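A short worksheet on the structure shown next.
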Amino acid sequence: MPVLIIVLLLFLVVLGFKAPLLWLLAAGLVYLLLRGRDRGSIKTDPDNRSSGGDGGGRGSGPKTYREYSDRRKRKERWERKYRRRHPSSTSSSR
């Protein structure tokens, strides 16, 4: 896929000598290509905890009991904190 984008980029640059609007399209394509690569590096970052800490997607469970226990403790802490800050919203749901 990136090879196709690079070929398209070169094609737009060559045609851009006759039509300046194609230079803008080429610049936009470079921007999208670089932004896509930045997103790819975020997913493989081992310190990123937004995806659960193990790099897995939705539905993937913890690999070890320790990961499960840590996740459960974090969830319980968050729920206690939420109940303290929003006592009216939690009492009506129980």
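Values below: all heavy atoms of this structure, side chains included; hydrogens, waters and symmetry mates excluded. Quantities reported herein were computed from a predicted structural model and do not represent experimental measurements. Counting from 1, the numbers follow the sequence of the chain as shown.
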CZ on Arg72 to OH on Tyr65, rounded to 0.5 Å: 4.5 Å

For the CD atom of Glu67 and the OG1 atom of Thr64, what is their distance to the nearest 0.5 Å? 4.0 Å

Hydrophobic cluster identity match, Leu29 and Leu34, side-chain contacts under 4.5 Å: yes

With under 30° as parallel and over 60° as perpendicular, where do the rings of Tyr82 and His86 fit, or are they tilted in between? tilted

